[in-house]
Protein chains: 2
Amino acid sequence: MLIIGEKLNSTIPEVQEAIRVKDKKYIQDLARKQVEAGAEMLDVNTAMVENEADNMEWLVLTIQDVVNVPLCIDSTNPDAIRKALQVHQGKAMINSISLEKQRLDGILPLVLEYGCSVVALTMDEQGIPDTSEERIRIAEQLVEIAVKNNLNLDDVYIDPLVLPLAVNSRNAVTFFESLAEIKRRFKVQTISGLSNVSYSLPKRRLINRYFLAVCMSLGLDAAILDPLDKKLMTAVVTTNLLLNRDPMCRKYLQAYRAGTLEE
Amino acid sequence: MLIIGEKLNSTIPEVQEAIRVKDKKYIQDLARKQVEAGAEMLDVNTAMVENEADNMEWLVLTIQDVVNVPLCIDSTNPDAIRKALQVHQGKAMINSISLEKQRLDGILPLVLEYGCSVVALTMDEQGIPDTSEERIRIAEQLVEIAVKNNLNLDDVYIDPLVLPLAVNSRNAVTFFESLAEIKRRFKVQTISGLSNVSYSLPKRRLINRYFLAVCMSLGLDAAILDPLDKKLMTAVVTTNLLLNRDPMCRKYLQAYRAGTLEE
């Protein structure tokens with residue numbers, strides 16, 4: 001499973017401030033720490049700062065100056081995405097398109113022009129459907145659009161969009177059903193963030209990590225998560241062990257010996 | 001999911017000694033503690049002590065003197081099982097039958113005579129099959145035997161028998177595949193112990209609890225586990241929340257407020 005570090009996001013007040021004042025050291029430290037903790041890609045977002053596009057360009061340059069990983073450009077603004085892609089080294093991911101026409105028309109051309117991978121959300125002009133059936137229907141349409149545009153489906157990461165359990169106790173199950181069926185029916189990748197599911201509940205990290213374990217068992221291909229959460233990263237190592245993704249238990253034992261398995 | 005406490009087992013040296021010297025207080029305390037921690041049934045085993053049958057009778061009487069839960073009679077010895085059932089109050093579970101002829105012939109009549117539920121292992125005279133296909137084939141034969149003998153399938157708990165990951169990295173996946181397919185094809189219950197999967201690996205409890213979370217997401221109906229392991233019981237509460245088995249997040253919030261959610 002591809003681990004995408006979520007910390008370089010302008011919705012986090014300290015990060016927002018660091019972007020605003022161009023605190024290179026803060027940003028670069030946070031990039032390095034996430035990669036050292038196991039992130040293979042870093043999500044970057046400057047939407048909460050004035051001048052999203054110029055800040056995105058600065059953020060991409062600042063991060064890739066110190067870490068050698070691709071970035072997940074988290075924006076709905078085509079100008080910000082283009083500025084990021086113009087300076088990005090390697091193959092970027094764009095986060096995200098959906099069936100919303102304006103978003104699709106603004107961002108899909110950039111995915112094609114720059115040969116990016118892309119996150120595709122199962123939502124349309126009407127928002128996020130309640131049922132897994134409707135989300136799967138949207139996934140199908142997103143897959144059709146990808147195929148029609150000659151996108152390689154290995155580069156399309158469908159996000160079935162988990163909503164908070166505190167709002168509806170069925171929300172995680174709706175997500176699990178959508179994920180399982182999308183994996184079964186389409187030859188695409190799948191992706192999720194972890195924090196929505198636990199929104200407004202106590203001990204959110206506990207919920208997030210068992211949510212991730214169940215998602216992994218259903219074949220989730222990528223997760224946007226906090227790689228500095230040691231118990232969460234332990235959940236990844238342990239679930240990989242259970243799912244036969246760790247031959248001879250090598251990574252599990254390695255993590256144990258390195259002292260990074262945190263119960 | 002039915003939680004069966006595993007602690008009253010003569011393979012545990014302290015318990016073995018308590019049975020041998022008839023230490024009522026030790027046994028009753030351990031019974032009470034498990035029930036208070038959430039066990040709805042208690043597994044009882046006296047196989048490692050001389051005179052299994054008489055000790056089993058004593059153990060059943062001693063436990064049911066202080067807790068009002070049914071017991072899971074863990075023995076391959078028909079005499080010990082009969083002695084247990086003669087004094088047991090409520091509906092007992094027998095652990096276990098399999099396709100091994102001697103075991104089946106010795107124990108199935110007791111299941112029928114006393115109207116018990118029963119654990120049925122997916123193994124035969126040749127031992128435990130390597131593949132999920134073969135385990136499912138044995139499960140099918142066990143279901144046929146149950147039906148032929150007018151056993152209610154709600155009372156039959158198939159155990160697809162997880163083997164240690166340290167022996168073969170595929171062992172948990174073989175179990176998951178068997179479990180999912182047995183749930184899909186047959187209207188039986190399913191059950192598992194948790195400790196085999198992590199045998200000889202470090203931080204076994206960590207592995208056990210993510211194993212349980214994945215099993216629960218596949219529909220496991222009962223687990224024989226250590227209810228005194230707080231992080232494991234937290235995994236149960238959290239996974240129930242994720243699987244829409246906790247309307248309005250009530251039990252999760254209750255556990256949080258009671259301070260029993262242990263990260």
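Order of the sequence lines fixes the chain letters, A, B, ..., with proteins taken first and strands second; residue numbering starts at 1 for each chain. Here the structure is a predicted model, which is why all the values come from computation and not from measurement.
In terms of heavy-atom pairs under 4.5 Å with chain A, the best-connected choice from B:Y210, B:F176, B:F211 is B:Y210. Top candidate by heavy-atom pairs under 4.5 Å with chain B, chosen from A:A213, A:P247, A:A235, is A:A235. Contacts with chain A were tallied for B:T239, B:I207, B:L165, B:V214; B:I207 has the most, counting heavy-atom pairs under 4.5 Å.
Taken to the nearest 0.5 Å, the OG atom of B:S169 stands 12.0 Å off from the CG atom of A:N240. If you take CG on A:N171 and CG on B:N244, they are separated by 9.0 Å, rounding to the nearest 0.5 Å. Atom CG of A:N168 sits about 9.5 Å away from atom CE of B:M248, to the nearest 0.5 Å.
Residues B:L242 and A:V173 fail the side-chain proximity criterion, which asks for heavy atoms closer than 4.5 Å.
By a heavy-atom distance cut of under 4.5 Å, A:Y256, A:L261, A:E263 are the residues of residues 254-263 of chain A near chain B, going up by number. Contacts with chain B (heavy atom to heavy atom, under 4.5 Å) involve no residue of residues 34-44 of chain A.
Proximity to chain B (any heavy atom under 4.5 Å) is shown, for A:L218, by neither the backbone nor the side chain. Residue contact with chain B, scored on non-hydrogen atoms closer than 4.5 Å, involves the side chain of A:V197 exclusively. For B:T174, no part sits under 4.5 Å from any heavy atom of chain A, backbone or side chain. For a residue to count as touching a neighbouring chain, one of its non-hydrogen atoms must lie under 4.5 Å from one of that chain's; by this rule B:V237 does not touch chain A.
Legend: residues meeting side chain to side chain contact (heavy atoms under 4.5 Å, CB included) with A:N152, ordered by chain and number and at least two apart, are A:D154, A:D155.
Taking each heavy atom of B:C249 and A:A166 in turn, the nearest pair found is SG-CA, 4.1 Å.
Surrounding CG of A:D29 are more than 12 heavy atoms belonging to other residues, nucleotides or ligands, all under 6.0 Å away. Atom NZ of B:K203 has more than 12 neighbouring heavy atoms from other residues, nucleotides or ligands inside a 6.0 Å radius. Other residues, nucleotides and ligands contribute only 12 or fewer heavy atoms inside 6.0 Å of the OH atom of A:Y199.
Evaluation of the salt bridge (Lys or Arg N to Asp or Glu O under 4.0 Å) test over residues 228-252 of chain A, restricted to residues two or more places apart or in two chains, returns A:R205-A:D229.
Distance alone, capped at 3.5 Å, is enough to place a donor-acceptor pair between the A:Y252 side chain and the B:P202 backbone.
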